[in-house]
Visitor: 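Pasting in a structure now, in structure tokens, and then I'll have a few things to ask.
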2 protein chains.
Amino acid sequence: MPVNIYDVAKKAGVSVVTVSRVLNNSPKVRANNRQKVLTAIADLDYQPNAVAQSLARGSTGMVGLILPTVFDPFMAQVLASVEGALRDKGMFLVTSFAADDLQFGKANSVRLFRENRVDGILILSPLKNDALFLELKKNNFPFVLLDQHHSHIQASSVTVDNYYGGYQATNSLITAGAKRIGHIFGSGVYESTAERLNGYKQALLDHNIAVDEALLAPGDFTIYSGYKITKEWIIRGILPQAIFAADDNTAFGVIDAARKFRIAVPEKLAIIGYDDHPFASLLHPALSTVRQPTEELGRQGVELLSSLISGKIKRTTTIILKPEIVLRESTLSINNC
Amino acid sequence: MPVNIYDVAKKAGVSVVTVSRVLNNSPKVRANNRQKVLTAIADLDYQPNAVAQSLARGSTGMVGLILPTVFDPFMAQVLASVEGALRDKGMFLVTSFAADDLQFGKANSVRLFRENRVDGILILSPLKNDALFLELKKNNFPFVLLDQHHSHIQASSVTVDNYYGGYQATNSLITAGAKRIGHIFGSGVYESTAERLNGYKQALLDHNIAVDEALLAPGDFTIYSGYKITKEWIIRGILPQAIFAADDNTAFGVIDAARKFRIAVPEKLAIIGYDDHPFASLLHPALSTVRQPTEELGRQGVELLSSLISGKIKRTTTIILKPEIVLRESTLSINNC
DNA sequence: AGACAAAATTAAAGCGCTTAAATTATGGAG
DNA sequence: CTCCATAATTTAAGCGCTTTAATTTTGTCT
């Protein structure tokens with residue numbers, strides 16, 4: 001029932017090689033033969049079998065993306081842009097969720113490359129364990145880290161400058177007139193967390209503001225963590241004039257706590273988040289934030305990975321993108337008294 | 001460099017068939033031979049090539065999911081549950097975005113099955129054009145429709161009872177004391193839109209409330225559409241006592257408009273949405289909604305599709321799941337005067 | 001110890017394509 | 001009209017595995 005390349009060859013009266021050449025539009029096919037093959041293909045409604053092509057060619061035209069979750073808008077945006085970039089190249093995306101190394105190792109994520117199901121992989125999940133890198137490198141398997149880089153290991157990556165983002169975010173709060181500025185940082189498994197924190201600290205230092213450890217608190221990228229920490233600061237009477245939140249979710253929680261305790265935003269509390277969540281601009285007040293170039297992140301990741309796969313690029317390459325500060329109502333000049 | 005099944009066979013001192021048998025744990029391998037093979041596999045760090053297996057077996061162990069977007073939490077949840085279900089089966093997910101038929105046809109989504117890259121596909125994107133069904137059916141290619149069914153065409157599907165959801169949502173507004181109840185429905189390309197509308201109408205009729213066409217307005221599942229329509233109703237002085245919104249995004253817009261015009265929710269305007277968006281419970285007031293069994297939808301879809309692939313199920317099968325009403329603050333008894 | 005059925009193993013073929021090497025066709029120069 | 005270089009085509013091999021059919025081994029029974 002399923003028609004293969006031999007059926008086409010027979011119908012066209014040529015060899016399968018000629019059919020294959022037409023399929024891969026090789027120039028060395030005479031016009032009349034090409035036409036005969038094309039006609040036969042159309043008549044038989046033939047479609048080459050990608051699995052057989054993959055085996056013969058040694059590449060599948062598929063790329064794996066490993067990400068921790070898709071509920072986070074940042075992740076979703078990167079996923080969408082990766083898919084779009086691959087689609088433009090005629091390639092396919094195999095999506096695999098792995099929150100951490102353990103899952104990554106155990107799960108079938110690792111099978112993606114061990115079994116040669118994909119030509120390369122993009123890793124958006126945070127990996128603290130080197131084992132996987134080492135295996136990937138040992139097998140010389142093309143991969144690109146997204147939104148993370150590991151200085152102690154040679155690996156190609158596309159990242160967004162989190163230090164810069166943290167610095168600028170903090171800076172915007174200083175510009176708004178705040179002196180006491182708190183930071184609720186995110187989960188420690190992400191590299192971005194420490195980098196944003198460093199940016200925050202440097203911005204303070206550059207403006208002769210001492211870093212106050214009491215105004216540093218660990219969140220986990222959830223609304224609840226932002227709410228809880230802000231509430232605690234309020235109750236303990238140490239609420240700063242402004243808060244730089246690890247991400248917009250955290251910032252939403254901060255805003256919620258402020259509302260609950262009737263603290264005016266931004267007059268009494270300026271807030272800036274991170275990621276430009278779709279809802280950030282819809283809040284009252286609209287949330288200032290740091291927008292990450294997610295589309296660019298995905299596209300560049302795919303571009304870099306394909307270069308690695310095709311061998312156009314041999315050595316590890318690092319691309320660093322810049323985030324963009326988006327100032328809205330929550331960081332308008334604060335009432336500094 | 002890459003080690004194949006022949007290397008293992010040679011090292012173990014057996015034929016490749018025996019190695020293959022061990023790989024697929026066939027019982028007809030003597031214990032000592034199995035052990036020799038296992039040792040060789042471990043020594044050589046051998047991993048079977050999935051592409052070659054796919055070609056020989058005629059199946060890839062991959063499934064395609066076609067969805068319109070991943071920014072909608074409903075879509076994201078289904079995507080995640082599909083991936084989880086496939087992972088549990090040791091299968092892989094190829095994700096392909098296609099907002100509509102046109103994209104579906106043009107894009108590489110269609111290549112997924114035309115080129116035999118996957119064993120079956122799950123379709124979450126709305127398809128109004130029959131051409132694709134017909135092609136899938138003609139090729140006898142396994143597929144399952146998610147969240148849609150096409151009565152005029154024989155196709156297996158897993159859906160959520162939208163009529164029921166619309167009915168119950170409306171009912172909850174009636175129970176809250178509303179007589180004049182508006183409905184902002186969603187995009188017409190989704191079957192769910194008409195079904196929810198029918199449920200809405202029937203609920204009204206069952207309570208002797210006439211359907212008022214002026215209180216029916218077309219939205220598009222966005223916050224803005226909910227905002228705009230509500231605002232218009234307010235300005236025209238025909239704001240109903242309650243609104244059943246096509247989805248939670250629309251409902252968010254309704255709430256926003258009510259806030260802007262200082263209309264108390266739920267005292268003067270009761271609201272219910274659809275989908276149980278992660279933010280629904282975090283709003284002030286918390287949004288009542290209709291929760292769809294997304295996890296179940298994805299799991300059952302995968303289950304049904306695998307049965308179709310394996311041939312365990314031959315004829316088209318339809319599974320209908322029930323949504324669940326989640327009552328929160330936005331539908332508390334309204335002040336009916 | 002020999003015969004025989006059952007179980008295990010292997011040889012051979014095939015999955016559908018690509019690619020290198022060998023062969024044949026083409027057309028311009030002499 | 002023949003020869004030869006070049007382009008086009010085909011033959012053959014191979015990608016790494018599974019599966020059917022043929023062969024060998026095993027162990028039981030007489």
Side-chain angles (χ1 to χ4, degrees), chain A residues 1-38 40-41 44-62 90 111 113-119 139 310, chain B residues 1-38 40-41 44-62 90 111 113-119 139 310:
Chain A
M1 181 63 196
V3 32
N4 64 21
I5 201 171
Y6 286 91
D7 300 324
V8 175
K10 191 191 296 176
K11 174 130 191 168
V14 298
S15 77
V16 295
V17 177
T18 301
V19 177
S20 175
R21 291 230 174 81
V22 171
L23 250 31
N24 299 286
N25 40 48
S26 152
K28 44 176 72 174
V29 177
R30 253 189 290 269
N32 65 325
N33 273 340
R34 163 163 286 121
Q35 195 48 57
K36 279 196 283 182
V37 169
L38 254 23
I41 286 176
L44 296 173
D45 195 23
Y46 167 74
Q47 201 75 17
N49 181 315
V51 176
Q53 287 183 319
S54 299
L55 182 59
R57 290 175 179 162
S59 76
T60 62
M62 300 197 155
R111 288 178 47 202
F113 68 94
R114 293 271 286 163
E115 299 177 358
N116 280 288
R117 291 181 176 274
V118 295
D119 297 336
N139 293 54
S310 68
Chain B
M1 181 63 195
V3 31
N4 64 20
I5 200 171
Y6 286 91
D7 301 324
V8 175
K10 191 191 297 178
K11 174 130 191 169
V14 297
S15 76
V16 295
V17 179
T18 300
V19 177
S20 175
R21 292 231 172 80
V22 171
L23 250 31
N24 299 285
N25 39 47
S26 150
K28 45 178 71 175
V29 176
R30 252 188 291 270
N32 65 325
N33 273 341
R34 162 162 287 123
Q35 194 48 56
K36 278 195 286 184
V37 170
L38 255 21
I41 287 176
L44 296 173
D45 196 22
Y46 167 74
Q47 201 76 16
N49 181 316
V51 176
Q53 287 183 319
S54 299
L55 183 60
R57 289 174 179 163
S59 77
T60 62
M62 300 197 155
R111 288 178 47 203
F113 68 95
R114 294 271 287 163
E115 299 177 359
N116 280 289
R117 290 180 176 275
V118 295
D119 297 337
N139 293 56
S310 68

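Below, chains carry the letters A, B, ... as their sequence lines are ordered, and counting in each starts from 1.
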Visitor: At under 4.0 Å, does any side-chain N or O of B:Ser54 touch on OP1 or OP2 of C:dC15?
Guide: no
Visitor: Carefully, step by step, assess B:Asp7 and B:Lys11 under the rule side chain to side chain contact (heavy atoms under 4.5 Å, CB included).
Guide: CA-CA 6 Å; B:Asp7 301 324; B:Lys11 174 130 191 169; over 6 Å; no
Visitor: List the steps, then state whether side chain to side chain contact (heavy atoms under 4.5 Å, CB included) holds for A:Val37 with A:Tyr46.
Guide: CA-CA 11 Å; A:Val37 169; A:Tyr46 167 74; over 6 Å; no
Visitor: How many Å lie between CZ on A:Arg114 and P on D:dC17, as a whole number?
Guide: 13 Å
Visitor: Kindly point out which of D:dT10, D:dA8, C:dT10 is positioned nearest to the side chain of A:Lys28?
Guide: D:dA8
Visitor: Determine, for A:Asp119 against A:Arg57, whether the closest basic-nitrogen to carboxylate-oxygen distance falls under 4.0 angstrom.
Guide: no
Visitor: Could you tell me if B:Asn49 and A:Arg117 have a donor-acceptor pair between their side chains, going purely by distance under 3.5 Å?
Guide: no
Visitor: Under 4.0 Å from OP1 or OP2 of C:dC17: is there any side-chain N or O of A:Tyr46 that close?
Guide: yes
Visitor: Heavy-atom distance under 4.5 Å between the side chains of B:Pro48 and B:Ile5, does that happen here?
Guide: no
Visitor: Starting at CG of A:Asn49 and ending at P of C:dG14, how long is that distance when rounded to a whole Å?
Guide: 18 Å
Visitor: Using whole Å, what does the distance between atom P of nucleotide D:dT20 and atom CG of B:Asn24 come to?
Guide: 13 Å
Visitor: To the nearest 0.5 Å, how far apart are CG in B:Leu23 and CD in B:Gln53?
Guide: 6.5 Å
Visitor: What's the CZ-C1' distance between A:Arg57 and C:dT19, to the nearest Å?
Guide: 12 Å
Visitor: Measuring from the side chain of B:Val17 (C-beta onward, heavy atoms only), which nucleotide among D:dT19, D:dA12, C:dC17 has the closest atom?
Guide: D:dT19
Visitor: Side chain of B:Arg21, base of C:dT10: donor and acceptor closer than 3.5 Å?
Guide: yes
Visitor: B:Ser20 side chain N/O closer than 4.0 Å to the phosphate oxygens (OP1, OP2) of D:dT18?
Guide: yes
Visitor: Contact class for A:Val29 vs. all strands (heavy atom < 4.0 Å): base, sugar-phosphate, or nothing?
Guide: sugar-phosphate
Visitor: Nearest to the side chain of A:Val14, heavy atoms from C-beta on, is which of D:dT10, C:dC15, C:dT18?
Guide: D:dT10
Visitor: Indicate yes or no: at least one non-hydrogen side-chain atom of A:Val22 is less than 4.5 angstrom from one of A:Val8.
Guide: no
Visitor: Can you tell me how far C1' of C:dG16 sits from CD1 of A:Ile5, to the nearest Å?
Guide: 8 Å
Visitor: Please walk me through it: do A:Arg21 and A:Val16 pass side chain to side chain contact (heavy atoms under 4.5 Å, CB included)?
Guide: CA-CA 8 Å; A:Arg21 291 230 174 81; A:Val16 295; over 6 Å; no
Visitor: Heavy atoms from C-beta onward define the side chain here; which of C:dG16, D:dT10, C:dC17 lies closest to that of B:Leu55?
Guide: C:dG16
Visitor: Of the candidate nucleotides C:dC17, C:dA20, D:dG16, which contains the atom at the shortest distance from the side chain of B:Asn4?
Guide: D:dG16
Visitor: Below 3.5 Å between N/O atoms, which protein atoms pair up with nucleotides 22-28 of chain C? Just atom names and distances, please.
Guide:
none

Visitor: Would you say A:Gln53 reaches C:dT18's phosphate, i.e. side-chain N/O to OP1/OP2 under 4.0 Å?
Guide: yes
Visitor: Mind calculating the distance between OH (B:Tyr6) and C1' (C:dA11) to the nearest angstrom?
Guide: 10 Å
Visitor: How many whole angstroms separate atom CD of A:Gln47 from atom P of C:dG16?
Guide: 15 Å
Visitor: Could you tell me how far apart B:Lys10 (NZ) and D:dC17 (P) are, to the nearest whole angstrom?
Guide: 14 Å
